[in-house]
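Every chain is numbered from 1 and lettered A, B, ... according to where its sequence line falls, protein lines coming before strand lines.
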2 protein chains.
Amino acid sequence: MRDVANALGVSSMTVSRALRRDTSVAPDTRAAVLKAVAALGYVPDQTAGSLSSRRSRFVAALIPSLNNPHFSETAQALSTEFEARGLQLLLGYTNYDAVKEEALVTAMLRRKPEAIVLTNDGHTKATRAMLHRAKIPVFEMWDLPKKPIGRSVGFSNTQAMHDFVRALAEKGYRRIVFLGERDDEGTRGAARRAGYLAAIAELGLEPRLSNIIRPPATMSDGAAGLDLVLSEWPDSDLIICVSDPLAFGVIMACRSRAISVPETLAVAGFGDFEVARVSHPGITTVSIDAHAIGQRTAQAVLDALADRTSAREPRNLILPIQITMRESA
Amino acid sequence: MRDVANALGVSSMTVSRALRRDTSVAPDTRAAVLKAVAALGYVPDQTAGSLSSRRSRFVAALIPSLNNPHFSETAQALSTEFEARGLQLLLGYTNYDAVKEEALVTAMLRRKPEAIVLTNDGHTKATRAMLHRAKIPVFEMWDLPKKPIGRSVGFSNTQAMHDFVRALAEKGYRRIVFLGERDDEGTRGAARRAGYLAAIAELGLEPRLSNIIRPPATMSDGAAGLDLVLSEWPDSDLIICVSDPLAFGVIMACRSRAISVPETLAVAGFGDFEVARVSHPGITTVSIDAHAIGQRTAQAVLDALADRTSAREPRNLILPIQITMRESA
DNA sequence: GTATACAGTGTTATCGATAACAATATGAGG
DNA sequence: CCTCATATTGTTATCGATAACACTGTATAC
């Protein structure tokens with residue numbers, strides 16, 4: 001920066017101002033500075049700038065995994081929105097692990113992000129303490145947290161599954177199984193099961209819970225899941241699976257057992273993963289707008305940073321889900 | 001930091017040393033410092049540390065998109081490897097656009113990353129100039145660059161398709177069509193087409209090129225693609241599609257036209273996307289180990305940063321691809 | 001007993017920018 | 001022609017850590 005200043009015979013403060021276009025600098029001076037900057041190939045040091053101005057222009061976000069297309073889409077939306085405002089997204093992967101999350105939060109806070117976005121519910125005590133001390137806006141997205149730290153943007157797995165079951169019941173299904181995971185306390189799967197149970201109770205139907213071994217349920221658990229359901233409740237007319245990949249596995253198993261879907265047995269999933277679209281039959285499922293979650297969260301973060309957080313706005317923003325009826329149910 | 005130092009009656013330099021565990025500090029002193037740090041909830045300011053030590057502990061990586069599972073997997077591998085060494089990944093999305101890439105490189109370089117990883121081949125002049133001036137290790141991954149800037153880690157689309165065609169010819173296919181994109185100069189699709197043409201020439205077969213409208217080819221282009229192929233070369237026995245989604249679309253179109261795959265017409269894809277696995281029939285394709293690309297790139301970056309870049313190692317690391325034969329060809 | 005090495009800690013300068021305030025010039029108004 | 005507001009630029013201190021060197025005390029070698 002000094003080189004640029006010397007080349008023009010001005011002070012480095014003038015160069016700084018010209019580059020940040022936020023204070024009054026004569027148009028000619030600014031032009032000359034920009035020209036010299038380009039000529040010399042000067043790249044400002046944001047680290048020094050951040051230290052001095054106490055604005056890092058970072059926003060940290062922790063997501064469980066990038067390999068889940070839902071989260072990668074949310075991350076991309078966050079990144080795009082922030083970038084447009086000159087903020088850099090600092091991304092970390094918790095791998096659904098609260099201890100790893102704690103380590104990542106520690107690492108992130110050293111970078112002095114202006115806000116932080118979390119995805120998992122369920123944080124360690126230490127994580128909560130650190131976030132509290134950091135005195136920056138904290139956002140939780142995707143799941144609605146039971147004990148919110150700051151504001152949140154997401155949807156209710158319980159409510160979504162509740163609505164889904166009612167919509168399917170309206171199509172005539174009565175002997176409805178929920179095929180989920182065992183030992184899944186605190187996970188999304190458990191929240192979905194709760195929604196299923198609530199809806200079934202309201203409808204006066206018989207609750208039929210089948211659980212395969214361990215989260216996460218995958219395509220290859222489909223065969224075992226189907227066998228389990230058929231042995232417990234052979235007359236079922238619909239299996240609602242905790243997620244689309246499991247539903248796909250169940251449909252594959254139906255095919256090899258010559259059970260026609262949906263005529264003999266209907267199958268539904270959750271999440272609207274790609275597999276739900278390309279499956280034959282297409283899987284009836286619950287669609288979540290991952291991009292919207294990212295966008296709305298980013299908007300909330302930007303509002304908080306601009307201190308535009310109107311008191312009217314809810315602390316918990318609940319986004320609507322969409323039920324996508326395809327051929328499988 | 002001063003608070004911690006005062007609380008213990010030591011200098012802040014001692015606190016700094018104790019926290020970085022890289023210089024000699026008495027074990028008792030270190031323990032006391034760590035205890036005080038925990039008690040006070042002190043979070044070191046990495047920004048100040050970076051400015052002073054001139055080590056940002058950032059590595060920048062630009063990928064075309066997070067929504068492509070290949071790239072998100074690579075990104076996750078990079079992040080994991082770097083994190084284990086205390087480096088933070090700075091991620092950006094170019095959206096396959098060299099101009100956007102230039103803007104991102106500018107933004108990234110302000111953060112003084114210790115190395116930078118790029119994905120697209122084809123950079124603007126300004127991008128190259130900036131990277132050169134930055135005097136940090138530059139890596140290109142996925143595609144092997146025509147004009148490498150630094151080192152590279154990836155595979156050759158041309159070579160991969162060449163090998164793929166030969167492997168399929170060995171299975172007996174002779175009237176082989178390449179279904180790709182129009183106006184795709186410089187893209188991966190064009191490189192694959194070149195590999196197809198080379199293999200076909202070696203085999204003494206007739207080149208059959210069909211091109212649908214514009215990149216990127218998607219599932220929904222399958223029907224048009226199939227019609228195009230059938231009108232130009234009705235007797236074809238194999239269609240190699242530029243990517244798996246297109247291959248899936250072609251297979252779907254075959255189904256609705258009652259063409260049996262692979263008996264009447266075989267179909268192959270490229271990339272081993274999820275759709276290739278869940279399709280019925282499963283799609284014969286070329287598998288690329290996206291995770292390995294990330295891992296190997298990270299390793300190369302770490303080597304460069306540790307100055308362990310042995311002269312033996314090639315500047316361009318070419319990873320093997322794998323041909324995955326499924327039912328569709 | 002003295003010289004030397006080294007472990008452990010402190011002091012000072014500095015990283016490269018920006019904030020806050022100071023100084024100067026310019027033009028309007030009377 | 002003088003005063004004052006405003007536009008533009010400069011000066012100095014500072015952000016919070018680390019590098020480099022200085023210093024002290026203890027152990028070791030002879």
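- Below 30°, between 30° and 60°, or above 60°: for Trp142(A) and His70(A) the angle between ring planes is between 30° and 60°, a tilted geometry.
- Considering only side-chain N and O atoms, Arg111(A) lies nowhere under 4.0 angstrom from the phosphate OP1 or OP2 of dG16(D).
- Following rounding to the nearest Å, Met1(B) (CE) and dG16(D) (P) show an atom-to-atom distance of 12 Å.
- More than 12 heavy atoms of other residues, nucleotides or ligands shown are found within 6.0 angstrom of CZ on Arg128(B).
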**Q.** Heavy-atom protein contacts under 4.0 Å, nucleotides 6-12 of chain D, coded B base, S sugar-phosphate only, - none
**A.** --BBBB-
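- Contact check, Arg20(B) against dA19(D): a side-chain N or O comes under 4.0 Å of OP1 or OP2.
- For Ser53(B), the listed nucleotide lying nearest its side chain is dA19(D); candidates were dC15(C), dA19(D), dA19(C).
- Among Lys135(B), Arg57(B), Arg55(B), the single residue meeting the salt bridge (Lys or Arg N to Asp or Glu O under 4.0 Å) criterion with Glu114(B) is Arg55(B).
- Under the ring-ring contact (aromatic ring centres under 6.0 Å, His included) criterion, the residue pairs touching residues 12-63 of chain A are Phe58(A)-Phe58(B), with sequence neighbours excluded.
- Val25(B) and Ala18(B) get closest at one heavy-atom pair: CG2-N, 3.9 Å.
- Here the closest non-hydrogen pair linking Ala48(A) and Leu51(B) is CB-CD1, 3.7 Å.
- Atom CG in Asp28(B) sits roughly 17 Å away from atom P in dA7(C) (whole-Å rounding).
- In this structure, the CZ atom of Arg55(B) is 19 Å from the C1' atom of dG16(C), given to the nearest Å.
- In this structure, CZ of Arg54(B) is placed 9 Å from P of dA19(D), rounded to the nearest angstrom.
- Heavy atoms only, all atoms of each residue included: Gln295(B) and Ala77(B) are closest at N-CB, 3.9 Å.
- Remark: Tyr42(A) is not in phosphate contact with dG16(C), judged by side-chain N or O atoms under 4.0 Å from OP1 or OP2.
- A straight line from CZ of Arg2(B) to C1' of dT14(D) spans 11 Å, rounded to a whole angstrom.
- In this structure, Leu109(A) atom CG and dA17(D) atom P are separated by 14 Å, rounded to whole Å.
- Spacing between atom CG of Asp45(A) and atom C1' of dC15(C) amounts to 8 Å, rounded to whole angstrom units.
- Atom P of nucleotide dG16(C) and atom CZ of Arg110(B) are separated by 16 Å, given to the nearest angstrom.
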